[in-house]
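To keep things clear, I will list the structure first and then write my remarks on it.
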Amino acid sequence: MDERYEPAAVEQLAQQHWNENRSFVARENFSGQSLDAEAQLSKGKFYCLSMFPYPSGRLHMGHVRNYTIGDVLSRFARMQGRNVLQPMGWDAFGLPAENAAIANGVAPAKWTRENIAYMKKQLQALGLAIDWEREIATCDPSYYRWNQWLFLRMREKGIAYKKTGIVNWDPLDQTVLANEQVIDGRGWRTGVLIEKREIPMYYLNITAYGDELLGDLASLEGWPERVKLMQANWIGRSTGCEVNFPYAPQTRELMGKDATLKVFTTRVDTLYGATFLAIAAEHPLALAASTLDDGLKTFIDECRRGSTMEADVATMEKKGRPTGYHVTHPFTGKLMQVWVANYVLMGYGEGAVMGVPAHDERDFAFARKNNIKIISVVRPLQGNYEKGSPDAINAEWCDTYGEHGITFNSGEFSGLAFEAAMEAISIALEQRNLGRKRVQFRLRDWGISRQRYWGCPIPLIHCEHCGEVPVPEIQLPVVLPEDLVPDGSGNPLNKTPSFWQVPCPTCGKSARRETDTMDTFVDSSWYFLRFPCANNLSAMVDDRVNYWLPVDQYIGGIEHAILHLLYSRFWTKVMRDLDLVTVNEPFSKLLTQGMVLNHIYSQQPSEGRRAYFNPLDITEEQLDGQKNYFAKGLGGEPFRVSYDGLGTMSKSKNNGVDPQILVEKYGADTARLFMMFTAPPEQSLEWSDEGVQGAYRFIRRLWKVVYEHVSLGVISAHIHNHTGSLSTAQQNLRRTTHQTLTRVTDDIGRRRTFNTAISAVMELLNAVIKFDDRSPQGRAVTQEALEIATLSLSPIIPHVCHTLWYSLGHSTHLIDMPWPKIDNAALIQDSITLMVQVNGRLRGQITVASDADEATVRATALAEPSVCKFFSTALVKKVIVVPRKLVNVVV
RNA sequence: GCCGGGAUGGCGGAACUGGUAGACGCGCCUGACUCAAAAUCAGGUUCUGGAAACGGAGUGUGGGUUCGAUUCCCUCUCUCGGCACCA
């Protein structure tokens with residue numbers, strides 16, 4: 001064993017051993033319908049999956065964190081005797097490749113594949129226990145052909161269908177922009193005002209699975225509650241009522257037809273309080289009205305220019321304009337104005353809402369602003385409204401107005417509680433054919449068409465004669481040409497006739513291939529189903545998928561808590577309904593890791609875009625009691641920049657730390673140890689350069705302690721280790737060793753708090769250093785402590801432990817070792833220390849036999865001098881004894 | 001705006017089921033080694049009064065429940081993630 005710890009050499013040695021032995025290649029042990037004997041004997045499979053990365057060019061710290069967590073759990077499970085699969089792949093389609101093409105003129109395919117090659121090397125340098133033989137990239141035709149194949153199956157079943165959708169249109173570049181490419185309503189490259197366009201798109205009917213996606217959340221016991229809650233709120237199932245408001249006579253005349261305006265409401269109990277209707281700018285009625293009124297047309301155009309992002313809609317000023325149309329109240333027949341309002345979205349419900357100012361905060365504000373009548377029809381369950389009736393002229397909104405209460409002022413439906421009112425009114429509406437009870441989801445169908453090049457082609461052909469024709473299965477995959485270079489002016493596929501000029505599969509006449517590609521969420525919605533069968537070229541999945549699925553542990557960023565996870569659950573259920581998989585849910589356990597944060601420094605130049613500076617290039621100075629920050633200019637002269645707080649590491653904020661530098665300087669083990677030690681996995685992690693040094697120091701200390709121990713000659717842990725023959729100090733170290741093992745086993749296996757597992761081993765190492773007993777018994781106890789430290793750290797810092805294991809005298813390989821066993825005999829303690837409080841304040845401590853009864857504990861506590869000086873025994877009211885923890889004397 | 005998290009020393013964090021607040025690490029201070037520095041080792045380090053013994057205060061804010069609250073309940077503030085075309 002070398003005296004010095006040389007990470008590069010140690011890591012190369014371990015990785016070489018794993019590679020030569022193909023240590024991480026997973027085997028199914030699967031033959032036909034039943035598992036073979038070997039698999040039955042083992043403790044079962046463990047499919048451990050970390051979210052696959054987008055190949056952006058270089059690994060970032062979030063990746064290191066994500067993949068280290070997965071690796072620790074994989075290696076731990078392996079030591080516990082599980083058959084482990086830990087695969088890796090690439091989420092390889094997407095916008096950044098097109099942006100790189102625009103910036104550098106390099107083809108997205110080339111850029112992406114080069115990035116994959118580089119990042120793969122980086123991942124391998126981290127020593128992850130990955131089965132690279134199952135690697136997949138979503139941009140490979142052998143992968144995305146199954147996107148296309150399944151899309152066609154969905155289309156046959158009506159799950160995939162076509163309707164129009166709204167996109168951001170840059171009129172100068174003649175191109176569709178993603179939301180992130182629209183900044184303050186303008187195109188990111190052109191700076192011109194963005195327009196909305198309604199174009200035909202393909203949708204997946206995820207709302208048809210709404211009830212199941214919601215209901216099955218309950219079965220996901222291994223998921224964090226907060227993620228399930230977020231998904232449930234996102235799905236947003238609500239029971240309500242559809243109400244049809246008949247057109248008023250003069251509106252019937254204007255429209256030239258007799259019809260109703262349909263709305264959806266969850267508060268039909270407030271129907272008598274409805275005083276107006278509000279419709280979305282895209283609503284057909286709004287469009288009809290705009291032809292008669294130029295002012296309205298201007299307003300509608302303005303609304304349609306506005307953002308459709310929920311966050312923007314919710315915060316913008318609520319504006320509206322009357323259409324001039326009227327409808328009548330279904331029960332009272334009163335005339336009601338129809339308004340166009342910018343806060344009503346066409347995509348939700350019916351694109352129209354009934355306005356009940358007295359009982360809805362948004363309607364209240366709208367009515368006040370536009371002088372619309374306010375009528376209260378629900379009173380609180382108890383008492384009266386605190387600030388008077390909401391329809392008082394000067395009333396301010398208060399939340400009680402929106403509560404469920406008792407109806408009044410509602411004709412025959414007065415005096416009913418919420419549920420009863422909902423029921424009675426909806427039945428009455430149904431009888432009049434003017435409405436019905438209905439379930440509505442907040443969840444919308446999933447639009448998957450993208451007017452972009454770097455994605456999976458949608459396998460359809462448009463023929464003038466035959467309409468929309470699916471590409472025949474035999475012709476799949478529709479291969480994306482890889483030599484095109486987007487220039488920002490629309491999808492280059494549209495300019496490539498060799499791609500879109502095809503004969504119609506049905507009639508053979510000249511036809512046009514669909515040039516839209518699929519949302520990249522499609523690619524990531526089933527990749528976990530492909531890993532088990534990655535080498536199957538003739539089917540999307542095979543029986544192996546049912547051996548490995550569900551994923552036993554899924555690990556990924558909290559930012560994916562809703563969309564990616566919901567789409568994956570949906571896709572899995574669709575595949576189940578097509579008899580392709582048997583599982584209902586793809587992921588049994590989910591660990592949502594927090595983001596990796598770093599400081600952000602920036603400066604706003606007099607013109608142009610804000611410039612961001614890497615924290616490494618920032619110097620700090622105290623000036624007038626305030627911190628000032630400086631970056632260096634091109635000539636080396638410092639200039640002041642502003643500090644913008646903490647944010648996730650990102651290219652755009654220039655606050656990333658390159659893990660490569662870390663690995664080169666300290667080695668992969670230090671990088672892994674730091675990431676696991678600094679924060680528990682679910683919390684966000686603040687970057688700290690000093691912390692890395694600390695991790696490195698710990699590994700060197702561990703190395704040194706083992707070195708000093710083995711220089712005295714190797715000794716077996718099993719010799720001289722019988723509790724009876726050990727000194728108190730020796731017994732104490734053995735107890736610490738097995739207490740540490742107990743903690744680490746629980747911390748990694750159940751709690752997934754790697755930081756506390758590591759600190760437990762640090763404490764053990766500190767105890768070993770203090771112990772320093774060179775007697776044969778002492779050295780055997782030390783040997784045991786160091787072996788357990790090495791084994792229990794091996795999932796976290798596998799390379800250095802690989803070498804230390806040999807150094808400790810073993811000829812076996814660490815990677816083949818099982819998790820060590822806890823020796824319960826070593827844990828036994830004769831006496832324990834209890835805290836003693838007086839009136840809840842800590843006043844002293846006592847030591848009692850560990851099996852002392854309550855009376856003894858009580859007596860010892862009351863006799864303790866540091867305690868009884870705070871009271872006179874006669875005044876003791878109560879003594880609370882918490883077994884094995886504390887005594888509280890109440891006086 | 002809505003939905004979901006978070007807030008504990010100079011810093012990252014620990015305290016798992018309501019029972020010793022600050023484990024472990026970083027940083028800093030003192031000392032040892034050294035011509036010196038780095039590295040390493042030993043000791044100290046929540047604030048505050050005190051020479052010490054021993055007290056007082058203290059887990060974002062304000063309130064509540066309890067013998068006892070970082071932990072449970074309510075209020076507010078700040079902050080992070082998501083909001084459907086970033087992935």
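Naming: A, B, ... by sequence-line order, numbering from 1 per chain.
- Nucleic acid contact for A:K704: sugar-phosphate only, since backbone atoms but no base atoms lie under 4.0 Å from a heavy atom of the residue.
- Heavy atoms of A:V167 sit under 4.0 angstrom from at least one base atom.
- For A:S759, no side-chain nitrogen or oxygen approaches OP1 or OP2 of B:A14 to under 4.0 Å.
- Backbone-only engagement by A:T520 is indicated by non-hydrogen atom pairs under 4.0 Å involving sugar-phosphate atoms exclusively.
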Report, one pair per line, the protein and nucleotides 45-52 of chain B atoms (nitrogen or oxygen only) whose separation is under 3.5 Å.
none

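- Spacing between B:A53 and B:C41 at atom C1', rounded to whole Å, works out to 32 Å.
- Taking the six-membered ring for Trp and the full ring otherwise, A:F698 and A:F677 have centroids separated by 6.0 Å or more.
- Closest-nucleotide positions on RNA chain B for A:D91 and A:R843 were compared, and the one nearer the 5' end corresponds to A:R843.
- In the set B:G5, B:U20, B:G19, the nucleotide with an atom closest to the side chain of A:M835 is B:U20.
- Distance check on atom C1': B:A36 versus B:G25 gives 29 Å, rounded to whole Å.
- Rounded to an integer number of Å, the gap from A:K885 NZ to B:G68 P is 18 Å.
- In this structure, the side chain of A:T678 does not engage the main chain of A:M675 through any donor-acceptor pair within 3.5 Å.
- Rounded to a whole Å, the CD atom of A:E682 is 10 Å from the C1' atom of B:G5.
- As judged by a 4.0 angstrom heavy-atom cut-off over every strand, A:M201 is placed among the base-contacting residues.
- Residue contacts shown for A:L443 include a base, since a base heavy atom lies under 4.0 Å away.
- Taking atom P in both B:G68 and B:A57, one finds a spacing of 15 Å when rounded to whole Å.
- To the nearest 0.5 Å, the span separating CG on A:D523 from CG on A:N147 amounts to 5.0 Å.
- In this model, the phosphate group of B:A57 is approached by a side-chain N or O of A:R841 to a distance below 4.0 Å at OP1 or OP2.
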>> Between A:L217 and A:R569, does the side-chain contact (heavy atoms from CB on, under 4.5 Å) criterion hold? Intermediate values first, please.
In response: CA-CA 10 Å; A:L217 284 173; A:R569 296 180 59 219; 3.3 Å; yes

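- Regarding contacts with the backbone of B:A14, a side-chain N or O of A:N755 is found under 4.0 angstrom from either OP1 or OP2.
- The residue A:A561 sits apart from the nucleic acid: no heavy atom pair falls under 4.0 Å.
- Within 4.0 Å (heavy atoms only), A:H560 reaches at least one base atom of the nucleic acid.
- At a threshold of 4.0 angstrom between heavy atoms, the contacts of A:Q181 with the nucleic acid are absent.
- Nucleotides B:G63 and B:G12 place their P atoms 27 Å apart, quoted to the nearest Å.
- Contacts of A:P680 with the nucleic acid, taken as non-hydrogen atoms under 4.0 Å apart, involve only primed sugar atoms and P, OP1 or OP2.
- The NZ-P distance, from A:K770 to B:A42, rounds to 8 Å in whole Å.
- At least one donor-acceptor pair under 3.5 Å links the side chain of A:N839 to the backbone N or O of A:V891.
- As rounded to whole Å, 12 Å separates atom C1' of B:A87 from atom CG of A:N99.
- Put simply, CG on A:L566 is 16 Å from C1' on B:A87, counting in whole angstrom units.
- Picking from B:A84, B:G19, B:A15 the nucleotide with the shortest atom distance to the side chain of A:I880 gives B:G19.
- Checking B:A21, B:G82, B:C16 against every side-chain atom of A:E559, the shortest atom distance belongs to B:G82.
- Between the P atoms of B:U71 and B:G60, the separation comes to 8 Å (whole Å).
- At the heavy-atom level, A:F521 lies under 4.0 Å from base atoms of the strands shown.
- Between A:D360 and A:R267, none of the side-chain N atoms (NZ, or NE/NH1/NH2) sits under 4.0 Å from a carboxylate O, so this pair counts as no salt bridge.
- Listed for the A:N491 side chain is a donor-acceptor partner under 3.5 Å among the backbone atoms of A:T515.
- Residue contacts shown for A:W446 are absent, as no nucleic acid heavy atom lies under 4.0 Å away.
- Atom CG of A:D360 is separated from atom P of B:G1 by 17 Å (rounded to the nearest Å).
- Rounded to a whole Å, the CG atom of A:N233 is 9 Å from the P atom of B:G5.
- For A:Q683, a side-chain nitrogen or oxygen approaches OP1 or OP2 of B:G13 to under 4.0 Å.
- Within 4.0 Å (heavy atoms only), A:L886 reaches at least one base atom of the nucleic acid.
- Using a distance-only test at 3.5 Å, with no hydrogens or angles considered, a donor-acceptor pair links the side chain of A:K369 to the main chain of A:K318.
- Taking 4.0 angstrom as the limit, A:R743 places none of its side-chain polar atoms (N or O) nearer than this to OP1 or OP2 of B:A15.
- The distance from atom CZ of A:R700 to atom C1' of B:U40 is 9 Å, rounded to the nearest whole Å.
- Taking the six-membered ring for Trp, A:W687 and A:F674 have ring centres closer than 6.0 Å.
- When atom types are taken as modelled, the side chain of A:Q181 and the backbone of A:A178 share a donor-acceptor pair closer than 3.5 angstrom.
- No engagement by A:T740 is indicated, since no non-hydrogen atom pair under 4.0 Å with the nucleic acid exists.
- If you check every strand for non-hydrogen atoms under 4.0 Å, A:M316 touches nothing.
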Just the table, please: protein N/O against nucleotides 25-31 of chain B N/O, every pair under 3.5 Å.
from, atom 1, to, atom 2, distance (Å)
B:G25, OP1, A:N766, ND2, 3.3
B:C26, OP1, A:R697, NH1, 2.8
B:G27, OP2, A:R697, NH1, 3.4

>> Give the dot-bracket line for RNA chain B from 5' end to 3' end: parentheses for intra-strand Watson-Crick or G-U pairs under 3.5 Å, square brackets for crossings, | for inter-strand pairing, dots for unpaired.
In response: (((((((..(((......[....)))((((((.......))))))((((....))))..(.(((..]....))).))))))))....

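- Listed candidates were B:A42, B:C83, B:G1. Nearest to the side chain of A:I769 is B:A42.
- Taking atom C1' on both B:A15 and B:A69, the two are 13 Å apart, rounded to the nearest angstrom.
- On the P atoms, B:C73 is 11 Å away from B:G6, given to the nearest whole Å.
- By the 30° and 60° cut-offs, the orientation of the rings of A:F52 relative to A:Y527 is parallel.
- Aromatic ring pairs are classed by plane angle as parallel below 30°, tilted from 30° to 60° and perpendicular above 60°; the pair A:H564 and A:H560 is perpendicular.
- Both A:T753 and A:R226 lie close to RNA chain B; mapped to their nearest nucleotides by heavy-atom distance, the more 5′-ward contact belongs to A:R226.
- Counting non-hydrogen atoms of other residues, nucleotides and ligands closer than 6.0 Å to CD of A:E854 gives a total of 12 or fewer.
- Side-chain rings of A:F366 and A:Y343 approach one another, their centers coming within less than 6.0 Å.
- Side-chain to base pairing of A:N888 with B:C67: one donor and one acceptor N or O lie within less than 3.5 Å of each other.
- A donor-acceptor pair is defined here as one N or O able to donate and one able to accept, closer than 3.5 Å; no such pair exists between the side chain of A:R450 and the backbone of A:T520.
- Of the C1' atoms belonging to B:C29 and B:G10, the separation is 13 Å, rounded to the nearest Å.
- Ring geometry, A:F570 versus A:W446: the interplanar angle exceeds 60°, so the pair is classed perpendicular (tilted spans 30 to 60°).
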